[in-house]
Amino acid sequence: MSDQSLSPAAAATPPRAIEPQGVVACAGPVREYVGDLAAELAQMARGVGDDALATALEAAANLAVRPMSRSIALARRRP
């Protein structure tokens with residue numbers, strides 16, 4: 001994915017070099033896709049004047065680019 005095709009929220013997110021202990025990197029392409037989609041939907045919502053929905057979608061986009069805690073990642077692997 002080139003920088004030209006990234007949403008503004010995704011393009012503004014700096015790359016992570018080292019994650020703090022107890023944290024794992026973003027959970028791959030699904031989180032990236034959800035974050036990109038949420039950012040685009042937020043722009044659409046704001047474009048039609050729905051600021052409340054846009055704010056919620058921006059929060060989802062921001063959450064998607066943050067690392068998951070290791071405990072959440074481990075809990076997801078358990079049957």
Side-chain angles (χ1 to χ4, degrees):
M1 183 178 273
S2 70
D3 287 341
Q4 293 174 348
S5 66
L6 291 177
S7 65
T13 304
R16 290 187 231 348
I18 300 173
E19 298 296 340
Q21 187 174 8
V23 173
V24 294
C26 283
V30 172
R31 271 177 88 88
E32 181 179 352
Y33 173 75
V34 169
D36 289 346
L37 182 59
E40 290 178 28
L41 290 171
Q43 289 177 345
M44 292 171 62
R46 199 166 305 285
V48 296
D50 194 338
D51 290 335
L53 180 58
T55 300
L57 289 163
E58 287 166 349
N62 289 331
L63 183 62
V65 297
R66 292 175 47 198
M68 294 185 343
S69 73
R70 183 163 287 148
S71 60
I72 292 172
L74 291 175
R76 290 178 40 178
R77 293 183 192 162
R78 294 184 185 145

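We number each residue from 1, following the sequence as shown. Just so it is clear, the values below take in all heavy atoms, side chains as well, and ignore hydrogens, waters and symmetry mates.
The two atoms that bring Ala60 and Ala38 nearest to each other are CB-CB, 4.2 Å, heavy atoms only. Nearest heavy atoms, Ala64 versus Gly35: CB-CA, 3.5 Å. Nearest heavy-atom pair, Ala39 versus Ala61, reported as atom, atom and distance to 0.1 Å: N-CB, 3.8 Å.
Residue Asp36 holds its CG atom at 11.0 Å from CG of Leu41, rounded to the nearest 0.5 Å.
By the side chain to side chain donor-acceptor pair (under 3.5 Å) test, Asp50 is found to be paired with no residue, residues two or more places apart in sequence or in another chain being considered.
Arg31 places a side-chain N or O within donor-acceptor distance of the main-chain N or O of Arg66, the cut-off being under 3.5 Å.
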